[in-house]
Structure formats: structure tokens, C-alpha cells
Protein chains: 2
Amino acid sequence: MKIGVSPDTFPPRSHEAKRNSVVEAAASVFCREGFAGANIDLIAAEAGVSRQTVYNHHRDKEKLFVAVVRDLTERCNAGIFATIATFPDQPVNLEADLIGFAMRMNRNCICNRDGRFLRKLIQTEGERYPELFAEWREQGPGRTWSALAARFARLAYAGHLAIEDPDVAARQFLALINAELQTSFMLGAIPEDEEVLQSATNGVRTFLSAFGRQKSASHTARKSALVSA
Amino acid sequence: MKIGVSPDTFPPRSHEAKRNSVVEAAASVFCREGFAGANIDLIAAEAGVSRQTVYNHHRDKEKLFVAVVRDLTERCNAGIFATIATFPDQPVNLEADLIGFAMRMNRNCICNRDGRFLRKLIQTEGERYPELFAEWREQGPGRTWSALAARFARLAYAGHLAIEDPDVAARQFLALINAELQTSFMLGAIPEDEEVLQSATNGVRTFLSAFGRQKSASHTARKSALVSA
DNA sequence: ACAAAATTAGACAGTCTTGTCTAATTCGTC
DNA sequence: GACGAATTAGACAAGACTGTCTAATTTTGT
């Protein structure tokens with residue numbers, strides 16, 4: 001097929017490009033419909049590919065599902081580590097810097113397409129593939145949490161925070177910055193930027209009230225600084 | 001109801017009891033297999049009832065699903081309100097009382113059967129039934145969060161806490177006490193009592209570090225009080 | 001005990017889905 | 001341009017599931 005003359009004819013794609021199309025379409029359909037409800041014909045159509053091509057690349061539905069989860073896990077972990085690399089080790093304005101970091105974490109790792117998809121697949125099919133998700137658990141939460149904990153430990157060592165257990169603090173940091181987004185996450189919705197910013201801001205402020213050294217960020221003194229929705 | 005004579009013969013159950021059996025079995029199967037993967041024959045078998053009886057009580061699969069969600073929503077809300085009624089309005093030992101409340105919340109509302117099932121159904125099928133889950137959202141998180149916020153506002157008014165926005169504090173309280181259970185929740189696992197206690201204890205301590213009035217609960221002064229896993 | 005209502009097992013048609021197969025077409029590469 | 005590999009559309013068998021129907025049995029209310 002030569003470059004499309006008509007507007008609805010797409011240029012041909014390579015072998016690898018088709019493989020990726022299939023995995024992406026499969027991720028979308030598995031998330032929407034669940035494993036049992038996902039229809040291979042629909043995946044093929046959504047990938048712009050024939051059904052036989054799906055079976056050529058991935059032997060059967062189950063292998064395709066595993067490929068989807070591995071792919072998402074890998075990309076999500078890469079994104080999380082890339083974002084953790086932007087952690088404010090030498091903060092200028094600790095509150096502002098942590099809010100910025102929280103926003104990057106939310107936008108690039110938790111609320112983006114891959115993050116939402118992976119979370120939903122783990123939630124819906126986690127019990128069906130124990131070994132697959134044990135693998136995710138080790139490489140995902142296990143390593144990313146301790147990487148984040150190390151950054152917080154560094155901040156504490158430099159005297160910016162008073163943290164006793166960095167692992168606990170890291171988990172609580174993540175919990176706090178997402179505290180107001182739980183309902184959206186449950187329903188699979190994509191929260192608005194404003195919501196994300198508000199949740200991150202309120203979360204970081206409470207985090208600093210608990211772990212900050214100077215009392216400037218204390219709750220009793222920040223009445224006028226509340227985020228206006 | 002006559003007691004069964006032979007050990008593997010169950011006594012007959014009333015019309016209503018069978019209806020409940022069906023809804024309970026359906027909740028279990030919908031959660032395990034998803035809506036598309038749920039098999040009516042399996043639900044009937046698990047309920048100890050014939051397939052036709054399922055169709056007699058609930059016209060079709062979709063109606064049955066809706067009945068399951070409404071039932072779970074109602075029971076979960078009742079449980080949450082009953083638990084909120086045990087909130088420590090006149091705390092003796094604020095930390096211990098809040099940890100106790102957090103444990104009740106977790107055990108009776110979040111980690112119990114109904115809570116896990118409802119959460120999973122919302123996560124997996126929420127997008128398919130927008131109006132049904134909008135209803136849950138209003139009656140569940142909407143009302144329970146503000147009820148909890150009212151209790152925190154009362155504690156603040158009585159001088160036990162320094163809270164600026166009770167709604168934010170309530171959401172952050174819930175986020176903190178579950179901060180260490182997120183991975184278990186994702187995989188649908190039932191966390192051990194020890195895990196729940198540790199998460200609740202660490203969460204309440206951080207909450208009090210941020211919102212407490214007296215500095216006795218401050219992070220810098222509680223090194224020796226850390227929960228031993 | 002009797003009549004009405006509910007329940008049961010099983011058969012059944014209709015639909016859908018998976019995974020295979022084939023023959024024709026297109027693509028990548030030399 | 002030509003050859004081998006990849007892709008395509010479509011048919012196809014095998015199986016699973018939903019929802020209906022029937023005839024027999026059991027339960028419930030009176």
C-alpha cells in the first residue's frame with residue numbers, strides 16, 4: 001500500500017509497529033471489558049490489523065494478556081524512576097518543590113494512560129495470575145518505594161525533614177498527595193489538573209506539618225495559604 | 001424450619017433466603033470473574049439453587065448485577081455509619097482512641113467482605129454503569145466523608161486538634177491509615193491484622209503530628225514509640 | 001389435606017467467541 | 001522486478017453461554 005492518497009488510508013506499518021499496535025489496542029480493550037469480555041476481533045479492529053495477525057504475534061488470548069501486562073509494567077516503572085530522578089534533593093522552597101514533584105508523579109506515573117491501565121488490570125485480574133503480579137509487585141512497588149524512601153532519607157539527613165522511618169514516610173507521602181483523588185481512581189476517571197494540584201498541595205502541606213523541621217509550614221499558621229479550589 | 005436429618009441435607013430455605021443466597025453468590029462470582037466472565041450456572045450452583053430460580057428472582061444478568069451492587073452499597077454504608085458512630089468524640093487518650101477507630105474502620109468497612117467486593121465491582125464495572133455508580137458516589141463517599149469530617153470538626157472545636165479544613169483532614173485521615181495497605185488492596189488480598197494495625201498506628205501518628213495540638217505526638221519525639229512490625 | 005405458588009432438572013434455540021485453516025494479496029529485500 | 005515472508009478476509013468447527021420453555025416435584029398458606 002503506497003502512501004495514502006485518500007485521507008482515511010494510513011501508511012503501512014512495520015512488523016514491530018503492528019506488534020505495538022496490537023499490544024496497545026489489547027491494553028485498552030482488556031481494561032474496558034475485562035479479560036473474559038475482551039473480544040479478539042475488537043482488539044484486531046482497534047489495532048487496524050486482521051485477527052490472524054493477532055494470533056501470529058501472540059499465540060493466544062492469555063499470552064497476549066501477559067504481554068500487555070509486562071509491557072505496561074516496564075513502561076510504568078521506567079516512568080516512575082525517571083520521575084523519581086527529578087526529586088528535589090537540594091530544595092530551594094521545600095513546599096513548592098515537593099508540590100512540583102508530586103504533580104510530576106501524578107501526571108507522569110499515576111494518572112497517565114499506562115498508569116491507569118496497569119492499575120486496572122492488576123485490580124481486575126490480579127488474582128488470576130499470581131506469579132505475573134508477584135513479579136510486578138517486586139519490580140514495581142518494591143523497588144520504587146525504596147527508591148523514593150532513599151530520597152526522603154537524604155532530605156532528612158540534610159536537615160530539611162525530621163523523618164524517622166523513610167519507608168513509612170514515602171508511602172504516606174504517596175497516600176497523602178492522592179488522598180483527594182481516590183474516588184476518581186475507583187471509577188477509572190481522569191482527574192482534572194486542578195483536582196490533582198489541589199490534592200498534591202494539601203497533601204504536601206500536611207506532610208510538611210508532620211515531618212517538616214521549621215514550623216513555618218505548620219497547620220496552625222497556614223490558614224491564609226489554603227488552596228482556592 | 002426443621003433441622004436437617006442427614007448431615008449433607010440442608011434445611012429448606014424461604015423465598016427471601018433464596019433471594020439472598022443468589023445475591024451473595026452473584027457478588028462473589030461477579031467479583032472473581034468480572035461481569036462478562038460470570039456464569040449464571042455457576043452462580044446458581046454456588047447459591048444452591050436452580051438456574052431458573054435465578055431468572056425468576058432477577059429478570060436477567062444485568063438486573064442481577066444491579067441488585068448486587070445496590071445490596072452491597074446499602075450494607076457498606078450502614079456499616080460505615082455504624083462505625084462512624086463509634087468515633088471518639090471525648091477522647092481519653094487521643095492517639096490510642098484514634099487508632100482504635102481506625103482499626104474498626106478498616107476491619108468493619110474496608111477490609112471486610114462487603115467492602116472488598118463493592119470496591120472491586122466499582123473498579124471493574126464502574127464505567128459500564130455510570131448512573132448506578134453515580135448513585136453510590138453520592139450516598140457513599142459523599143455522605144460518609146462529610147459525616148467523618150463533622151466528627152473531626154468537633155474534635156477540633158473541643159481543642160483536641162488544629163484542623164483547618166475538616167473535609168481535607170477526613171480524607172487525609174483515611175488515606176494515611178491505609179497508606180501501607182495499598183498493594184494488598186490492589187491485588188484484592190485480605191491484609192493480616194498486624195499489617196492493618198501497623199498501617200493504622202503509623203497513619204494516626206503522622207496525622208497527629210500534622211494536626212495534633214500538643215507536641216507530645218510529634219515525630220521528633222516518638223522515636224521509641226515506633227510500631228515494631 | 002389441598003390448592004396455589006415456587007422450585008427443579010433438563011432440553012433447547014440462538015448467539016457469540018476462540019483458534020485454525022486456506023487462498024489471495026501485499027510487503028520487505030535483494 | 002522477483003522471491004520469500006507477512007498480512008488479509010473469510011470460512012469454519014468446537015465449545016460456551018444466555019434466556020426460554022416444559023413437565024415434574026416441592027413448598028407454602030389456609
Side-chain angles (χ1 to χ4, degrees), chain A residues 1-6 8-26 28-68 124-125 128-129, chain B residues 1-6 8-26 28-68 124-125 128-129:
Chain A
M1 185 194 298
K2 293 87 194 167
I3 293 299
V5 189
S6 79
D8 54 354
T9 296
F10 294 100
R13 292 160 303 167
S14 74
H15 189 70
E16 276 316 301
K18 285 195 178 175
R19 184 179 207 91
N20 289 341
S21 282
V22 171
V23 173
E24 267 193 48
S28 169
V29 174
F30 278 134
C31 281
R32 279 208 312 277
E33 316 288 346
F35 180 83
N39 181 319
I40 302 270
D41 284 348
L42 181 58
I43 292 174
E46 210 153 298
V49 142
S50 77
R51 177 175 57 243
Q52 189 57 50
T53 297
V54 177
Y55 283 105
N56 286 345
H57 284 269
H58 312 274
R59 178 156 299 285
D60 57 27
K61 195 179 179 181
E62 191 147 328
K63 301 262 194 325
L64 173 57
F65 179 79
V66 171
V68 166
T124 57
E125 313 294 342
R128 196 187 310 279
Y129 300 87
Chain B
M1 183 196 298
K2 296 87 197 166
I3 297 299
V5 187
S6 82
D8 53 356
T9 296
F10 294 101
R13 293 161 302 169
S14 73
H15 189 70
E16 276 316 302
K18 287 196 176 174
R19 185 181 207 91
N20 290 340
S21 282
V22 171
V23 173
E24 265 193 50
S28 169
V29 174
F30 278 134
C31 280
R32 279 207 314 276
E33 316 288 345
F35 180 83
N39 181 319
I40 302 269
D41 284 349
L42 181 58
I43 292 173
E46 210 151 300
V49 141
S50 77
R51 176 175 56 245
Q52 188 59 50
T53 297
V54 176
Y55 283 105
N56 285 346
H57 283 272
H58 312 275
R59 178 155 298 285
D60 57 26
K61 196 178 179 181
E62 191 147 329
K63 301 263 194 326
L64 174 57
F65 180 80
V66 172
V68 166
T124 56
E125 314 294 342
R128 197 187 311 279
Y129 300 88

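Protein chains get the first letters and strands the later ones, always in sequence-line order, with residue 1 at the start of each.
Between B:Gly48 and A:Lys61, the residue anchored closer to the 5' end of DNA chain C is B:Gly48, taking for each the nucleotide with the nearest heavy atom. Of the two residues near DNA chain C, A:Arg59 and A:Gly37, the one whose nearest nucleotide lies more 5' is A:Gly37. Between A:Asn56 and A:Arg51, the one whose closest nucleotide on DNA chain D sits nearer the 5' end is A:Asn56.
For the pair B:Tyr55 OH and D:dC17 P, the computed distance is 11 Å after rounding to whole Å. Whole-Å rounding puts the A:Leu42 CG to C:dG19 P distance at 15 Å. Straight-line distance from the CD atom of A:Gln52 to the C1' atom of C:dA24: 14 Å, rounded to whole Å. Across the protein-nucleic acid pair, A:Leu64 atom CG and C:dT18 atom P stand 11 Å apart, rounded to whole Å. In this entry the distance linking CG of B:Asp60 with C1' of D:dT18 reads 10 Å, nearest Å. If you take CG of A:Asp41 and C1' of C:dT18, they are 9 Å apart, rounded to a whole angstrom. Between A:Glu16 atom CD and D:dA6 atom C1' the separation is 13 Å, expressed in whole Å. Nucleotide D:dT18 holds its C1' atom 12 Å from the CD1 atom of B:Ile43, rounded to whole Å.
Nucleic acid contact for A:Ala36: none, since no nucleic acid atom lies under 4.0 Å from a heavy atom of the residue. Nucleic acid contact for A:His57: sugar-phosphate only, since backbone atoms but no base atoms lie under 4.0 Å from a heavy atom of the residue. No engagement by A:Ala44 is indicated, since no non-hydrogen atom pair under 4.0 Å with the nucleic acid exists.
Ion pairing of B:Arg19 with B:Glu24 is absent here, as no side-chain N (NZ or NE/NH1/NH2) approaches a carboxylate O to less than 4.0 Å.
Between B:Lys18 and D:dT28 there is no side-chain N or O to OP1 or OP2 distance below 4.0 Å. Side-chain N/O atoms of B:Lys63 include none lying less than 4.0 angstrom from OP1 or OP2 on D:dG19. Taking side-chain N and O atoms only, A:Thr53 has a distance below 4.0 Å to OP1 or OP2 of D:dT8.
In this structure a side-chain-to-backbone donor-acceptor pair under 3.5 Å is missing from A:Lys63 to A:Tyr55. The closest donor-acceptor contact from the side chain of B:Glu125 to the backbone of B:Phe35 lies under 3.5 Å. Of the possible polar contacts, none joining the A:Lys18 side chain to the A:Thr53 backbone as a donor-acceptor pair under 3.5 Å is found.
Of all nucleotides listed (C:dT8, C:dG19, D:dT18), D:dT18 comes nearest to the side chain of B:Asn39.
One finds the CG atom of A:Asn39 at 11.0 Å from the CZ atom of A:Arg32 (value rounded to the nearest 0.5 Å).
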